[in-house]
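All values reported here derive from a predicted model rather than from experimental measurement. Atoms within each ligand, like the ligands themselves, are counted from 1 in listed order. Values below: all heavy atoms of this structure, side chains included; hydrogens, waters and symmetry mates excluded.
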Amino acid sequence: MKITFLGAAEEVTGSRYLVEHENINILVDCGLFQGPEIKQYQKDQFLLDAKKVDAIILTHAHIDHSGYIPFLVKNGFKGKIYCSQGTYDLCSILLVDSGLVQEEDAKESHGTAQPLYTKRDAEYSLRFFQVVNYQTPINIGKLKITLLPSGHIIGSSFVIISDGNNMVTFSGDLSGFNQFLMKSPTLLQQTDFLIIESTYGNKLHEKVDALKILAQIINATIAKSGTLIIPSFAVGRAQTILYCLSKLKEQKLIPDIPIFLDSPMAIRASNLLCHFPQELKITALECSNIMTTATYIRTAQESKALDKSDASKIIIAGSGMAEGGRVLHHLKHFIYDKKNTVLFVGFQVEGTLGYDLVHGAKQIKIKNNVYDVHAEVKNLDIFSAHADYQEILKWLESFQSKVKKVFVTHGQPEAAESLKHKIEERFGWSVVVAQYLQSFDLQ
Ligand SMILES: [Zn+2]
């Protein structure tokens, strides 16, 4: 087998790994690059002929792992896209939304940019999906492929590919062991090669009581009669936040103020979550109870109406890095007043509005208008569905034999480099930080 790194090399988005074996070409993940230079990057940098890809295997549905699929299909990909049931269900929400976003972005450019793909392209690409059960190997050419639950989001999987001589394992996004909703990642015992993510390869999540801190932020905002805006990723994070808010209300640690989930995509993802109790720490019934914590805001009109009232409330809206979505018009409305709070709950990529805000921007620009920032801005990384380095090392401890080579991906250079040294030090394995377009023979 040979592997080539086509993305997520020294950065956290655009996960795409090409695995070649004899005449078979498989892509493991097919993600979009995100961030400021997104459009140029997409077109220039994907050096692969879509027609020559035989199959795609997905670790999970997040758009930086799946969002390039409709583009590949549009350009002649005719193979199958293998993934778990949860990943398929989430992709049917996320890819279609991504098509809409691409169309809107193109419209806003007044004809200077074409959409990478449309909603229709995204819907069409869903026909190529084929659901695979966990722990049930499939064959592509002479390769055997197995998916195991990885606990990052619904449907997320470790992808294990074997050619009979060597086994290569893709971690996808690796989660910690103490998540609120998702079960812990499957522990693996052996692999010859390992591709591992390093988003938090140089960081430790604070060992704090997340519920207590969240309660403090909410209560401080309510004491000022303010509104709390939570920009959140629709899939995974939004549901974790709902779980926490429901616990806080149940334990009477926060008053019974209105909570709004203002994201049609997050609403669909929340409803879907409860169909997969086998991947959760809670039952289907508990899950559906938690999801009633918030009032669902479906239409754009209802969403705008939320800004008309100054009564204390919590609004959860996308996108998670405030790069688009409904959270923008809430920010426009609430960010000028110091009684309000904006709480980010995930990793912020440099170049995004979220990154600027958590790094203390005093003014922000939304659609060419400038807004002064007076609201309090907080950043709580403790809800992250990514393992910190201690948890990554703990997961690696379950391997019973030496891993021949570890490739560190999906992390900024300092994070990837730091994780490399930690793995070398702890296990004595050979580790490389994968670079963009680098290839390796897996012998
Ligand atoms: Zn992810």
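Taking 2.8 Å as the criterion, D173 counts as a coordinating residue of the Zn ion (ligand 1), since one of its N, O or S atoms falls below it. At a cut-off of 2.8 Å, H152 coordinates the Zn ion (ligand 1) through an N, O or S atom.
With a 6.0 Å cutoff to the six-membered ring centre and a 45° limit on the axis angle, K405 does not count as a cation-pi contact of F193. Geometrically, K394 engages F177 in a cation-pi contact defined by less than 6.0 Å to the ring centre and at most 45° from the axis.
Vertex the Zn ion (ligand 1), arms ending at ND1 of H62 and NE2 of H60: the angle is 100° after rounding to 10 degrees.
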* To do: Begin with the C-alpha distance, continue with both residues' side-chain angles, and end with the deciding distance and a verdict on side-chain contact (heavy atoms from CB on, under 4.5 Å) for F344 and V377.
  => CA-CA 8 Å; F344 287 91; V377 177; 4.0 Å; yes

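H65 and H152 have their aromatic ring centers separated by at least 6.0 angstrom.
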